[in-house]
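In what follows, chains carry the letters A, B, and so on, assigned in the order in which the sequence lines appear, proteins first and then strands, with residues in each chain numbered from 1.
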There are 2 protein chains.
Amino acid sequence: MEQELAIELEQEKEQEQTPAKALSQDEVLQAALKLFAQKGYYNTSLIDIKDAVGLKSTSGLQQFFKTKQAIAVALHEQILDSFSISIDDIRRRNRKASEQLREVVDLLFKLTEEAPEIIQFLLFIKTSDFLPEPKPLFDIAAFNKLRRIIQVGIKEGEIKNIDALLAYNYFFGIIQHTLSMLLNDSLPHCKDNYQTQVWLVAWGTIAKK
Amino acid sequence: MEQELAIELEQEKEQEQTPAKALSQDEVLQAALKLFAQKGYYNTSLIDIKDAVGLKSTSGLQQFFKTKQAIAVALHEQILDSFSISIDDIRRRNRKASEQLREVVDLLFKLTEEAPEIIQFLLFIKTSDFLPEPKPLFDIAAFNKLRRIIQVGIKEGEIKNIDALLAYNYFFGIIQHTLSMLLNDSLPHCKDNYQTQVWLVAWGTIAKK
DNA sequence: GTCTATACGCCGATAGAC
DNA sequence: GTCTATCGGCGTATAGAC
C-alpha cells in the first residue's frame, strides 16, 4: 500500500518536469498559437492544446478560457497589440517614413525567421474562423498606424502623392506576399539577400522618385 | 382519382420551373462555392448546401459527391483548370509578356467584380482545409504558366533579369493585395481607375526600365 | 434514377462531481 | 485540477418513396 502510494507520487513528480508552477495563461496561448498556425483553428481541438501543455483533461483549460474561441480571440488581441506597440516604438525612434517602414519590414522579416507562427497568425489567419463578424481593417490599430506613417510620408514629400490606401496596398502587398512565400518555403531563406532587395522594390513603388 | 393524378402532375410540372431536369452537379458546385467563399469550408455544413440548392435532405447530395471534402476538391480543380485554360488563351492571343500579364490582370479584376466568390476561392482559400496535404505551389499548373510568362519576358528583355520567382512575387503581390482589399470593400470600386494605375505600378516593379 | 427520412457513429465543447 | 457525463452537431450510410 505504502509502496504503491510512493510510486504514484514519484510518477506525479516526474510528470511535473516544470519545477513547481502549475500552468500559466501564457503557456496556453503559446501552445495554441503554434497549433493554430500549423493546423488552423478548426483542425485544432482542445485536446490538442491540453496535450501540448501537458494537462490530463481539457477541463483544466477552462480556468483560463471558457471556450476555444476565447483562446483564439485573446491570442489575436495579444499579437495585434504587441505589434502595435512595436510600431509605436519604431515611430518614436525614427523620423523619416522611409526609416520607419524599413524598420517595420525588418521586424516582419525577423519575426518570420524567429517566430513564424506569429506572422502566420498575424497575416494569414481568417478571423472569421473565430470572430462572429470579421473586424474591418480600419478598426485595427496597427493597420492605422502603418497608414499614418504613409500619410505623414506623403505630407513630408517623401512619398508620392497618391491615395494613402493605395500606397499601403502597393508597399505591403509586396512585403506580405514575400513573407507568405517564405513561410511556404517557396522562396529559399537567405534572408539578408531578399530583405534589402524586396525593401527597395516595395519602397520604389511609393517613393517620390 | 383521375383528378388527383392530374393535379399531382400539374404540381410536378410547376415544381420543375427548371424546364425538365432536377438538380445538376454544377448547381451543387455553384452553391457550395458561394458558401465556402462567404463562410469558409468549416463553417459551411452539408445542411447549408442542401438548403441552398433546395433539397430536403443532405442525402440528395450524395449522388454527385460522396463526401463534403469531395465537393471542395472538385470545386478547387474546376476553378484552377478554368483559370489555367484562360491563361493559355491569353498567351495564344498575345505575344509580349506585358500584354499577357495585362490581360491576366484584366481578367482577375473582371472576375472580382462579376464573380467575387471565384477570386475568393482562387486566392484566399486554405487548401489545407480540405486537402490532406496542401499542394505545393509548383504543382499548380496555373501558377507555372504565369511564371512561364515571366521567364519568357526575362529572356526577351522585357523584364528585369532577376529571379523569376521574385518577379512573380513583386507583380502578383501587388495584384493580389489589391484584389483582397476590393473583396473586403476596403478600396472603393471605381475599377477603371485602379486597374490601370495598379497595373502600371505592378508592371513597374519588374519591367526593364 | 432522383430524392427523402431516419439512424448511426463520432468527436468536440462544455458542465458538474469528486 | 482531474474525471466522467452529457449534449449537440456534423458527416455519412442505408432503406425506401415517388
- Task: State yes or no: are the ring centers of B/H76 and B/F130 separated by less than 6.0 Å?
- Result: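 When the ring centroids of B/H76 and B/F130 are compared, they turn out to be within the sub-6.0 Å range.
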- d(CD1, A/I49; C1', C/dT14) in whole Å: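 Between C1' of C/dT14 and CD1 of A/I49: 14 Å.
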- What is the distance, rounded to the nearest whole Å, between atom CZ of A/F64 and atom P of C/dT14?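 Taking CZ of A/F64 and P of C/dT14, I get 16 Å after rounding.
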- Query: Which letter, B, S or -, goes with each nucleotide of nucleotides 2-14 of chain D from 5' to 3', with contact meaning a protein heavy atom under 4.0 Å?
  - Reply: BBB------SBBB
- Item | Geometric cation-pi criterion, B/K68 with B/Y41: 6.0 Å, 45° |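 Geometry flag: set, cation within 6.0 Å and 45°.
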- Task: Please confirm whether the backbone N or O of A/Q78 pairs with a side-chain atom of A/S82, one donor and one acceptor, at under 3.5 Å?
- Result: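 Absent.
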- Query: With no hydrogens and no angle check, do the side chains of A/S128 and B/K39 hold a donor and an acceptor under 3.5 Å apart?
  - Reply: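 Short answer, no.
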- Query: Do B/Y42 and A/N43 have side-chain atoms, one donor and one acceptor, less than 3.5 Å apart?
  - Reply: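 A pair is found: one side chain offers a donor N or O, the other an acceptor, under 3.5 Å apart.
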